[in-house]
A.B. asks: 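This is the structure I want to talk about, given as structure tokens.
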Protein chains: 2
Amino acid sequence: MDKRKQILDAALKLFVEYGFHGTPTSLIAKEAGVANGTLFHYFATKDALVIALYVDIKSRMSAYLSEQVEVQKTFKDTIREQYIASVFWALENRLEYRFTEQFKTSPFFAQIAPKEIEESLKPYYDMLNRGISENLIKPQPVDLLFTLISSQTSGLNQYLLNHQFSKTKQHQVISDTFEMLWNMIT
Amino acid sequence: MDKRKQILDAALKLFVEYGFHGTPTSLIAKEAGVANGTLFHYFATKDALVIALYVDIKSRMSAYLSEQVEVQKTFKDTIREQYIASVFWALENRLEYRFTEQFKTSPFFAQIAPKEIEESLKPYYDMLNRGISENLIKPQPVDLLFTLISSQTSGLNQYLLNHQFSKTKQHQVISDTFEMLWNMIT
DNA sequence: TTACAGACTGACTAAACAGTCGGTAAAATT
DNA sequence: AATTTTACCGACTGTTTAGTCAGTCTGTAA
């Protein structure tokens, strides 16, 4: 019954299928089962809808991660938890994942304030800094480390999304690649 | 004087700035300094132009790589050469790199025949297979290894593209991250 | 029970768009 | 030299698009 949500859901599905500009607002409204005008009641412009969708997905992902991940006994275990949760999120939210991948390389991404990005990255940077100061991982710049870890995760996502593995096999690939990641940063 | 090339150049620049559908064909023609109709003389549709641009860039990149990279004394050296050349290509062809990143996550990418993708990947897969059979790298599936290496490269590109480092510093980051990559796959 | 606010509608419009077409000029083929 | 093919032009068009607007419906609270 939440029309705003319905619009966002429809937009997500269609954007992933046809691209941002390849999807007319009229089609989004139709798919969402609302009137054309309703879309513009909730979102001033189409661009605002795209941005709002990204922000919405990012916040849901953050919520998922902080819900799933608890600090573990060791640093390595904590990082592993993070890694696993990130990959699971992508597997369980394929459309959302593909949308964010598309968004991040698009010109829209420039409209996200650098400050907000930095803000959302801070906890990860802090954690990595802790790891460095305790000599648990390589003393490289944290933003480099973070970028490499993220890329690894997205590489793995790509791999898992392109194959249909059983849960067992999935787990095995995830833990194998985590060990590889760990070898990389230590 | 090559109008086809002018159109592709203009399209590249504008697509990176405004996105595929955010760029009207009329603007591409204007930027290229040709008539509107000329664009459609060379490319049947706008979609065809986007695809042609991707194919063109990919082939220029392949040419660059096979020109730069020669087989080295050791397996590790060969992989390092590949790694360095890939990163240099992205640094020297920033627009092209950003375009391909955008393209690969877009719905357009589905229009590239899987066979062609496989074809272009074959030499890399062969090389990795060789490394595995000689016990030089981890015995993981080659497509997984390749995806992880590619992701690493694109992570590094992102890092280097976001910072302005001196040539010396750039080299240092590249060789540091290559050692990390090597630790990952061995 | 009336007054008001905000959710919601869908027909509408002005602008933008991809692609066409009738034509010219130059190059290639005969 | 004649003919055909190709490169190129830019005004034009039918369609599609984002966004508007005048007004209806629904809930709430005075």
Side-chain angles (χ1 to χ4, degrees), chain A residues 1-57 59 95 99 102-103 105-112, chain B residues 1-57 59 95 99 102-103 105-112:
Chain A
M1 279 298 124
D2 182 349
K3 307 228 165 182
R4 196 187 122 98
K5 184 90 178 65
Q6 282 166 237
I7 293 166
L8 287 173
D9 285 348
L12 171 62
K13 184 187 153 193
L14 295 168
F15 285 157
V16 169
E17 193 169 353
Y18 304 115
F20 302 125
H21 298 267
T23 308
T25 53
S26 55
L27 189 62
I28 298 171
K30 199 176 174 186
E31 173 81 21
V34 303
N36 211 304
T38 308
L39 191 151
F40 291 97
H41 175 69
Y42 285 105
F43 307 97
T45 63
K46 189 184 176 182
D47 274 29
L49 166 60
V50 176
I51 308 279
L53 181 54
Y54 180 75
V55 171
D56 181 67
I57 289 174
S59 87
L95 283 181
F99 173 83
Q102 211 174 309
F103 186 91
T105 58
S106 79
F108 282 110
F109 191 61
Q111 286 180 59
I112 304 289
Chain B
M1 276 297 125
D2 182 350
K3 307 228 165 181
R4 196 188 124 98
K5 184 88 178 67
Q6 281 167 237
I7 292 165
L8 286 173
D9 285 349
L12 171 62
K13 184 187 155 193
L14 294 168
F15 285 157
V16 169
E17 192 169 355
Y18 304 115
F20 303 123
H21 298 268
T23 308
T25 52
S26 56
L27 190 61
I28 298 171
K30 198 176 173 186
E31 173 82 21
V34 302
N36 211 303
T38 307
L39 190 150
F40 289 97
H41 175 70
Y42 285 105
F43 307 98
T45 63
K46 189 184 177 182
D47 275 29
L49 166 61
V50 176
I51 308 279
L53 181 56
Y54 179 75
V55 171
D56 180 68
I57 289 174
S59 86
L95 283 180
F99 174 82
Q102 210 174 310
F103 186 91
T105 58
S106 80
F108 282 109
F109 191 60
Q111 287 180 58
I112 304 290

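Keep in mind that the numbers below use all heavy atoms, side chains included, and drop hydrogens, waters and symmetry copies. Note that the structure is a prediction, hence the values are computed from the model and not measured. Protein chains get the first letters and strands the later ones, always in sequence-line order, with residue 1 at the start of each.
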A.B. asks: Where do B:F15 and B:Y54 land on the ring pair (Phe, Tyr, Trp, His ring centres under 6.0 Å) test, with the steps shown first?
C.D. replies: CA-CA 11 Å; B:F15 285 157; B:Y54 179 75; over 10 Å; no
A.B. asks: For A:K5 and C:dA7, what is the distance between atoms NZ and P respectively, to the nearest whole Å?
C.D. replies: 18 Å
A.B. asks: If I take atom NZ from residue A:K46 and atom CZ from residue A:F40, how far apart are they, to the nearest 0.5 angstrom?
C.D. replies: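 Separation between the atoms: 8.5 Å.
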A.B. asks: Distances under 3.5 Å only, N/O to N/O: pair up the protein atoms with those of nucleotides 5-7 of chain D.
C.D. replies:
from  : atom 1 : to    : atom 2 : distance (Å)
D:dA7 : OP2    : B:H41 : NE2    : 3.1

A.B. asks: If the condition is side chain to side chain contact (heavy atoms under 4.5 Å, CB included), which residues does A:D56 pass it with, not counting sequence neighbours?
C.D. replies: A:L8, A:R60
A.B. asks: For a quick test of reading the model, state the closest non-hydrogen atom pair linking A:F43 to A:A48 and the distance between them.
C.D. replies: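 For A:F43 and A:A48, the tightest heavy-atom pair comes out as CD2-O, 4.4 Å.
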A.B. asks: Can you list the residues that meet the side chain to side chain donor-acceptor pair (under 3.5 Å) rule with B:D47, with sequence neighbours excluded?
C.D. replies: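 Once residues adjacent in sequence are excluded, B:D47 has no partner under the side chain to side chain donor-acceptor pair (under 3.5 Å) criterion.
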A.B. asks: Scan nucleotides 12-27 of chain C nucleotide by nucleotide, 5' to 3', and note B when protein non-hydrogen atoms come under 4.0 Å of the base, S if they reach only the sugar-phosphate, - if neither.
C.D. replies: -----SBBB-------
A.B. asks: Between atom CD1 in A:I7 and atom P in C:dA7, what is the gap in whole Å?
C.D. replies: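 Distance check: A:I7 CD1 to C:dA7 P gives 12 Å.
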A.B. asks: What pairs of donor and acceptor atoms, side-chain ones from residues 25-37 of chain A against any protein atom, are under 3.5 angstrom apart with sequence neighbours left out?
C.D. replies:
from  : atom 1 : to    : atom 2 : distance (Å)
A:E31 : OE2    : A:K13 : NZ     : 3.0

A.B. asks: Which residues pass the side chain to side chain contact (heavy atoms under 4.5 Å, CB included) test with B:H21, sequence neighbours left out?
C.D. replies: A:H21, B:F108
A.B. asks: How long is the line joining CG of A:L39 and C1' of D:dA18, in whole Å?
C.D. replies: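 After rounding, the gap between these two atoms is 10 Å.
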A.B. asks: Mind checking what makes side chain to side chain donor-acceptor pair (under 3.5 Å) contact with B:T38, not counting sequence neighbours?
C.D. replies: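 Side chain to side chain donor-acceptor pair (under 3.5 Å) list for B:T38, sorted by chain: empty.
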